[in-house]
Amino acid sequence: MNYTLETGSFLNDLDRVAKTRQEIANHFNRIVETITKSEFEGDKASGKLGLEKDGEDIIIASQNLQQGVFRLLVLGDLKRGKSTFLNALIGENLLPSDVNPCTALLTVLRYGVSKQVTVYFKDGTEPEQLDFKSFKQQYTIDPSEAKRLEQENKLAFPNIDYAVVEYPLPLLEKGIEIVDSPGLNDTEARNELSLSYINNCNAIFFVFRAVQPCTLEERRYLENYIKGRGLSVFFIINAWDEICKGLINPDDSEELAEAEGKLRQVFRTNLAEYCQVEDHDSYDERVFEISSLEALRQRIKNPEASLEGTGFPQLMAALNTFLTQERAVVQLRQARSLARQTYNHVHEAIARRIPLLEHDVDELKQRISSVEPEFDKLNEIRDRFQDEIRTVRDSKTSAIADSFRTYILNLGNTFESDFLRYQPDIGFLDFLQKGKREEFNAAFKQAFEQYLNDKILAWELTAEQQMQEAFLQLSKSAANYGAVYSQVAESMTEKLIGKKVYTGQTLEFEDNSPGWASWAMGFFSLALGNVAGVALAGAGFDWKNILLNSLAVIGIWSFLSIFSMSLVAAPVGILLLGLGIGAMQAEQARKELIQATKKEFVKHLPQIAQEQGALINQAVKEGFDAYEREVAKRINDDINSRKSELDNLLKQKESYEINFEAEFNRLRKLETDVLSECQSIETAYEHLLASPT
């Protein structure tokens, strides 16, 4: 496979997707203009049709399509070659990737017409603009310094939030945004690369180094942040060409093949469980053996060079399929569905309005009065669904909070065995030596942070699963309530005009649920600005982020602030109190310290369980409340729209004689114009699907 051709294909496919998104956004904008103009004119004719909500959702969807990018996040431990990999990917030696320095900031690489770097600060300081040379000099550090800062739980640049690198690269111009992260560090990851950020990326590159397969830190990160979260991850086994350097005879093909085979087995053993996508083994589609440095050298010497043997052709093909087919098609399918639903809403409103134009005021009043029972039923459906949301909320908030309390209180039962793998590497009795005590304290504190962080994350994943189950249940209920709601609405229309109104034949929507029900089922997260948040359909609530903040940040740090004062800050005191006179061996001393740690830990568990359990209860409750508020608002908007549609017509009829022919033509033109734009969206979508990839 020729890498140049593959890259060209990738750029072409990205360009097609970007153009299709812009094209659909333009059609959306014209639909909004058409609806807005019609509602303005209707205010002076037969009255508005109550299409404001449709326009609002389409405006947001259009903005998302125009502003949307494919965001790729790069994760990996120190010195895995992340920046070299990215430089090879983009085709230029752009990011710091020298032999020694490590990237010390979270760096966002995006398109810009000019080359520049902007550094953003946490304290409100004005952003700083730098050239590339100055950026590399100021914000890269030596690996030994990076490790020292990690051990001391310090950031290299604590006052800096992130840096944005702008560069006029073709790949970035097509809507790709790349985030290069510092090395893995639990504290840093929780504060700088939180789960909410990870979940807002379209794909993750997790970079390993072939000659350092799956370290303990990497396995911990995979277990805590990747496993079971439904993330789209590409695993990059970098520097594959360096395997031969560790061989006795680098030119021995059999020895090399044997070494490569053993490494492949190691990586498959460690990564297989993270490559399960809906019960499908995607290992071969998600794990790539890459030689980044060789690829970068070739591309710098000759941008047209073929990169056979570097692993990049296979990676680019997989990334192309994922971004331009799997991800893009899903988003644009949502856009098409939103357009279909909008047209059907317009079609139904016009189909109701035109027959009512011929009735006089008295008859119109009578018909409006006849549908009051139906409006009561719609309100009843809303109330019933709200009651169900509250019931699920109360059940889940209690269950989740109780499970947290139980989980925390039980940590003491397995502490000694669980904490075993976290203990500091430093010789245990060495800390008694002058100058070693602070080193031991820091190592012990970091070990305890990692232990507690892992335990909290393990529970958090179960909480997420419970929330997913709850919203899946509510999604099904929304479908059921929506079906009943539609039946009542159809009955209302039949009473008003004496016949049923059928869905537009030209654009038949896959699901005929009312708009609010489609939203509650998560169909139109695109319209609410949160493409990834299907469960809550973009209610403005990120329950993963709330769990993250209440558990991993508040819970861990508030506990450590208490616990470190009594234990971690003075382990010698605990040791002297707990050790017997004859306990001189390091292993016995270690056991005594762990027992003393457990004793101190268990003392605080009830406080953690109570205080953090209450916070979790409130956070989860707010998640359901946010969902309920948005559902209720959307149902009320729909009911009020139906009422105002009738009231507007009645008001106009009471004020003056309506020109039936002119109004008929105006309404038909509205429907025709909206239909035309929706058909263009259909064509654009179908063209994208039919185009070769």
**Asked** Can you check side-chain contact (heavy atoms from CB on, under 4.5 Å) on Leu319 and Phe205, steps first, answer last?
**Response** CA-CA 10 Å; Leu319 187 61; Phe205 291 125; 3.9 Å; yes
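- Side-chain contact of Tyr685 with Glu23: a donor-acceptor pair under 3.5 Å is absent, judged by distance alone.
- In this structure Arg209 satisfies the side-chain hydrogen bond (donor to acceptor under 3.5 Å, both in side chains) test together with Glu242, sequence neighbours excluded.
- Using a 4.5 Å heavy-atom cutoff, the side chains of Arg16 and Asn12 are not in contact.
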(Q) Working note: Leu296 + Ile300, criterion side-chain contact (heavy atoms from CB on, under 4.5 Å); need CA distance, chi angles, decisive distance, verdict. (A) CA-CA 6 Å; Leu296 179 59; Ile300 290 176; 3.8 Å; yes
Set out, in order, the CA-CA distance, both residues' side-chain angles and the distance that settles side-chain contact (heavy atoms from CB on, under 4.5 Å) for Leu332 and Leu65, then state yes or no. CA-CA 9 Å; Leu332 294 175; Leu65 288 171; 3.9 Å; yes
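- Between the Ser282 side chain and the Glu285 main chain, no donor and acceptor come within less than 3.5 Å of each other.
- For the pair Asp131/Lys115, no side-chain contact is recorded, criterion being any heavy-atom separation below 4.5 Å from C-beta on.
- Asn26 places a side-chain N or O within donor-acceptor distance of the main-chain N or O of Gln22, the cut-off being under 3.5 Å.
- At least one test fails for Arg110 against the ring of Tyr162: distance under 6.0 Å to the centre or angle within 45° of the axis.
- Under the 4.5 Å side-chain criterion, counting only non-hydrogen atoms from C-beta, Leu14 is in contact with Leu171.
- Residues His687 and Thr20 are not in side-chain contact: their nearest non-hydrogen atoms beyond the backbone lie 4.5 Å or more apart.
- Judged purely by atom type and a 3.5 angstrom limit, Asp15 has no side-chain atom pairing as donor or acceptor with the backbone of Leu11.
- Inter-residue side-chain proximity for Arg80 and Gln212 is flagged as met; some heavy-atom pair is nearer than 4.5 Å.
- Side-chain N or O atoms of Asn202 include one that pairs as donor or acceptor with a backbone N or O of Arg71 at under 3.5 Å.
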**Q.** side-chain contact (heavy atoms from CB on, under 4.5 Å) between Ile90 and Tyr167, worked out
**A.** CA-CA 11 Å; Ile90 62 182; Tyr167 207 82; over 6 Å; no
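- At least one donor-acceptor pair under 3.5 Å links the side chain of Asn238 to the backbone N or O of Gly81.
- Looking only at side-chain heavy atoms (C-beta outward), Ser232 and Glu326 stay at 4.5 Å or farther from each other.
- Note on ring orientation: taking the six-membered ring where Trp is involved, the planes of Phe208 and Phe267 are perpendicular (angle over 60°, cut-offs 30° and 60°).
- Under the 4.0 Å criterion applied to side-chain N and carboxylate O atoms, Arg220 and Glu217 are assigned as salt-bridge partners.
- Under the 4.5 Å side-chain criterion, counting only non-hydrogen atoms from C-beta, Arg286 is not in contact with Val233.
- Between Gln298 and Asn302, the side chains place no donor N or O within less than 3.5 Å of an acceptor N or O (distance only, hydrogens not considered).
- If you take OG on Ser292 and CZ on Arg299, they are separated by 11.5 Å, rounding to the nearest 0.5 Å.
- Residues Phe234 and Phe322 bring their aromatic ring centres within 6.0 Å.
- Side chains of Leu688 and Gln325 form no contact here, defined as non-hydrogen atoms less than 4.5 Å apart.
- With respect to the salt-bridge test (charged N to carboxylate O, under 4.0 angstrom), the residues Asp180 and Lys82 do not qualify.
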